[in-house]
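This report concerns only the one structure given below.
Predicted model only: the values in this text are computed from it and were never measured.
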Amino acid sequence: MSDTRFDPSTADGRWQKAWDEAQCFRADSKSAKPKSYVLEMFPYPSGRIHIGHVRNYTMGDVLARYKRMTGHEVLHPMGWDAFGMPAENAAMEKGVHPGGWTRDNIANMKAQLKRIGFALDWSRELATCEPEYYGHEQGLFLDLYEAGLVYRKESEVNWDPVDMTVLANEQVIDGKGWRSGAEVEKRKLAQWFLKITDFAEELLDGLGSLENWPDKVRLMQENWIGKSQGLEFSFDLSNGERLPVYSTRPDTIFGASFVAVAADHPVAQSLDSDAARDFIALCKRGGTTAAELETAEKLGFDTGITAKHPFTGADLPVYIANFVLMDYGTGAIMAVPGHDQRDFDFATKYGLPIPRVVAPSAADADKPFDAEAESGEGVLVNSDFLDGMEVEAAKAEVIRRLEEQGRGQGKTVWRLRDWGVSRQRYWGTPIPFIHCESCGVVPAPKDSLPITLPEDVDFKTPGNPLVRHPTWKHVDCPKCGGKAERETDTLDTFVDSSWYFLRFASQPADKPFDREEIAKWLPVEQYIGGIEHAILHLLYARFWTRALAHMGQIEVKEPFASLFTQGMVTHETYSRLEGGKTVYYAPDEISREAERALLKDDGGEVEIGRVIKMSKSKKNVVDPDTIIATYGADAVRWFMLSDSPPERDLPWSEAGIEGCGRFVQRVWRLVSAEMVGDGGDLDLRRKTHKTIVAVAQDIEALSFNKAVARLYELTGAIEKAQPSADRRDATFTLMKLVSPMMPHLAEEAWHRAGGEGLIAEAAWPEHDPAMLVEDEVTIAVQHKGKLRDTLTAPKGASKEALEEMALASEKVQRSLDGAEVRKIIVVPDRLVNIVT
RNA sequence: GCGGGUGUGGCGGAAUGGUAGACGCCGGGGACUUAAAAUCCCCUGUCCUCUGGACGUGUGGGUUCGAGUCCCACCACCCGCACCA
């Protein structure tokens, strides 16, 4: 080791080993210290850690190390979201077993994480693909079944007839399977569902208690749950049937000029004419992509049936309409064109009346519409007994009257659907049920768990290997003992990630978790991950936790007390046209100059594109291993925290990481410098103590970029200071303050400077409150609201003294130029503003 | 279409209604060196008649002694949802 340079290639590994040996990062549940559970969303073991993971885990790591230094017993675990499709794809493409592929990937990624020096409790590592994990998941699934929260029903799926598999919506591109390219069919299959809708109200209300979640995420979940309150009532139809409809605007009932049903509504289906059948087919063909919906024209088909208005007795035409959805409300609506844009468009197209029933005031009852529907507030007009009422009062009145007639009732409708968890795949948790011809669907006995996946499977033939495995599915019925078959569906991987944070608290062999350990560690104080999980993962995990609480297995209801969603790591792109095609080049193929970028291969200039999310197709990716090998783990960690606020995107740049590498060496040189000297340095001491407080606040607020800026400032101040006892103290303090961010450098420097033990186990420095108080302050002097001069005054100087000093300033006098002073505003210790 | 967010130097970004641009990157100049790397020092919003001054936080208004910050309207970009009655 050279004296003048810090060498991460030897130091990083040395300290990682030292932390391992000292077991610094083990969480002790017997500890009396206050606990802190810091968790980052666990990764899918794709094989390589990418730079986004590095940013995510560095943030959590800084917080975890800081919490440990401030006297907390920290739980900071790591695991693997190890089931899922990519493993099966690899099996099909490369002929490797999903299990072997996954476990190899885990080993690689674990080694990568260790090279970054994360303060993780590896003794609690888990992988969801191991029976020790998913066996307990099967047990929990059976518990949920017992509690009435699991059921089976027929449901429509996207079926790929070539791959013989069910596709997620995202895997259907232009109506074709993403892998096979075959036309996707809609098939009805019996599938397993979790009754998340039972918890809709709770999940919605619970959002209110999650003050430390981003408003954005709470809003997204609120919209997803989609509570709406309105009225369900029935029309009498001319064919003698009754047609229930749902409306959130019952107040506008006198404005209804037609009734519309969905194409797959029974009323539509019962029509016996070719024209009707053709129209229904036309509706079904309609695409569901964003662009198609945007331009979709409102289309309708007059059924010839009429509906009797419950108050006026008028006969309203019943249409089949392509914009009415079967799976929301009752699949039928009363259409009020004047006050709903869709109904307005439809009525305009088909020449139906557009009556006004809400107006700004009673005098505007006949005000014409301005080419669009008015859905706002106002008073009711042209509405018989509702005339003159406000919207809210009118809603209540209509509901009251229809309830009285026994024709309808107030009703709450949710957008949230039950959670379909069946996947017709191999690499997932087997659903613990058995199908018996005589007993039906029977839960697997708990003592038969875990139901493990067979190892001897092949992926050469399409379809689910569990279905065609020669022996696996054949079992005796646990009820009657006769021949029966196992369920061959496996669970959605979102189930795996719905409780892993509970399993981290303790890992008993005979049960999913230990009640007391959950009580000790949960909730997670700080959960960090990507915004892409704002809805599904976070909603499912909240549901699963509440369901367990509902069954009395745990106390905690909300698993994540505080949530942080970090931004992406981005990079500019490099490309040029070659033979009419845009060819992208990777950053390491480029030599980047100030204004331009040249290809290393042939020296040709390439175009520098926008800074965008790193993606393989644009080749704008950097590999964590490479950069760690080049700059060391600490420089990379420091870069991840610098400059950009953590919730925003972070543009990766070669120049930036080099700057971080320089800073690592700057700190190193401070420690190498002479650390003794005479006398004190009050300014530096003040700066040091202010920095202790500020960095602590910044880390707790996750404002790592601000903490970084303050550490640069302190470093600069130490460099400028003459040797002194205060300079020595400042240097030791700096080592501790940077240690959560640059732990290897901090250990090496600490060790070299003669510090005791490991800095990873050191306490956060104490600050002296007296050092935070200035005795002199800078006062800004303004005239006409503009800065004219600044002056130095003793802290706490009187208003009169400050006024006097301000007026004495030559610059101020020049600006005043003899004008009459009308008023002087003095903000003590801050500013004087002279008004003329 | 609905909902949400963001807009500050060449770039990333600081700034309890009180000195806009902290800190970093890039760039320029200098020192050290035979030379380079490394390191150190200085400069670095725009403009002008430059020991000073004017302008300046997407645009236009407003509130205020004082607005990047608060209010109103608009523009641009980004994200989420999407015919949810």
Quiz item: With sugar-phosphate meaning primed atoms plus P, OP1 and OP2, does A:Thr778 contact a base, only sugar-phosphate, or nothing at under 4.0 Å between heavy atoms?
Solution: base
Quiz item: Where the side chain of A:Leu325 is defined as all heavy atoms beyond and including C-beta, which of B:C23, B:A85, B:A15 is the nearest nucleotide?
Solution: B:A85
Quiz item: Looking for any heavy atom pair under 4.0 Å, which part of the strands does A:Ser644 touch: base, sugar-phosphate only, or nothing?
Solution: sugar-phosphate
Quiz item: How about A:Leu539 and A:Phe494: do any of their side-chain heavy atoms sit closer than 4.5 Å?
Solution: no
Quiz item: For B:G17, does either OP1 or OP2 sit under 4.0 Å from a side-chain N or O belonging to A:Arg830?
Solution: no
Exercise. Describe the nucleic acid contact of A:Arg662 in one word from base, sugar-phosphate, nothing, applying a heavy-atom distance below 4.0 Å.
Key: sugar-phosphate
Quiz prompt | Anti/syn call for B:G13, syn if |chi| within 90° | solution = anti
Quiz prompt | Upstream residue (5' side of RNA chain B) when A:Ala780 and A:Tyr328 are each assigned their closest nucleotide | solution = A:Ala780
Self-check item: Cationic N near anionic O, under 4.0 Å, A:Lys227 to A:Glu222
Solution: no
Quiz prompt | A:Arg666 side chain, from C-beta outward: closest of B:G18, B:G13, B:C40 | solution = B:C40
Quiz prompt | Salt-bridge contact A:Arg249-A:Asp340 (side-chain N to carboxylate O under 4.0 Å) | solution = no
Practice problem: Take atom C1' in B:G21 and the same atom in B:C72, then report the distance between them in whole Å. | Solution: 28 Å
Self-check item: Per A:Ala655 side chain, nearest of listed nucleotides B:G12, B:C65, B:C25
Solution: B:C25
Exercise. Counting Watson-Crick and G-U wobble pairs only, both distances under 3.5 Å, name the nucleotide matched with B:G3, or none.
Key: B:C79
Exercise. Could you tell me whether A:Val827 contacts a base, only the sugar-phosphate backbone, or nothing, with contacts defined as non-hydrogen atoms closer than 4.0 Å?
Key: base
Exercise. Measure from the side chain of A:Arg648, starting at C-beta and using heavy atoms only, and say which of B:G13, B:U19, B:C25 lies closest.
Key: B:G13
Quiz item: Does A:Arg415 have a side-chain nitrogen or oxygen under 4.0 Å from the phosphate oxygens OP1 or OP2 of B:A82?
Solution: yes
Quiz item: Does the cation-pi check pass for A:Arg415 over A:Trp224, that is, NZ or CZ under 6.0 Å from the six-membered ring centre and within 45° of its axis?
Solution: yes
Quiz item: Quantified in whole Å, what is the C1' atom distance between nucleotide B:U69 and nucleotide B:U8?
Solution: 12 Å
Quiz item: Considering only side-chain heavy atoms of A:Leu219, which listed nucleotide, B:C40, B:G4, B:A14, is closest?
Solution: B:G4
Quiz item: Are A:Asp345 and A:Arg342 close enough for a salt bridge, meaning some N to O gap below 4.0 Å?
Solution: no
Self-check item: Residue A:Glu713, side-chain heavy atoms: nucleotide from B:C23, B:A85, B:G3 that is nearest
Solution: B:C23
Quiz item: Aromatic ring centroids of A:Tyr712 and A:Phe663 under 6.0 Å?
Solution: yes
Quiz item: Can you find a side chain N or O atom of A:Lys786 that sits less than 4.0 Å from OP1 or OP2 on B:U19?
Solution: no
Practice problem: Would you classify A:Arg788 as touching base, sugar-phosphate or nothing, given that sugar-phosphate means primed atoms plus P, OP1 and OP2, and contacts are heavy atoms under 4.0 Å? | Solution: sugar-phosphate
Quiz item: Given B:G53, is OP1 or OP2 found less than 4.0 Å from the side-chain N or O atoms of A:Arg814?
Solution: yes
Practice problem: Can you tell me the pairing partner of B:A54 across any strand shown, Watson-Crick or G-U wobble, with both distances under 3.5 angstrom? | Solution: B:U46
Self-check item: For B:A22, the Watson-Crick or wobble partner whose two distances fall under 3.5 Å
Solution: none
Exercise. Mind checking A:Val413 for me? I need base, sugar-phosphate or nothing, with any heavy atom below 4.0 Å counting as a touch.
Key: nothing
Practice problem: Determine the interatomic distance between C1' on B:C79 and the same-named atom on B:G30; round to the nearest Å. | Solution: 48 Å
Quiz item: Quick one: is A:Tyr712 getting a side-chain N or O under 4.0 Å of the B:G24 phosphate, OP1 or OP2?
Solution: no
Exercise. For A:Lys823 and for A:Gln665, locate the closest nucleotide of RNA chain B by heavy-atom distance; then report the residue assigned to the nucleotide nearer the 5' terminus.
Key: A:Gln665
Quiz prompt | P spacing across the pair B:A20 / B:C2, given as an integer number of angstrom | solution = 40 Å
Quiz item: Checking side chain to side chain contact (heavy atoms under 4.5 Å, CB included) against A:Val261, which of A:Leu243, A:Thr330, A:Val324 comes through?
Solution: A:Leu243
Practice problem: Assign A:Lys784 to base, sugar-phosphate, or nothing according to its heavy-atom contacts below 4.0 angstrom with the strands shown. | Solution: nothing
Quiz item: Using a cut-off of 4.0 Å on non-hydrogen atoms, how would the nucleic acid contact of A:Asn705 be classed: base, sugar-phosphate, or nothing?
Solution: sugar-phosphate
Exercise. Between B:A85, B:G24, B:G80, spot the one nearest the side chain of A:Tyr246, thanks.
Key: B:A85
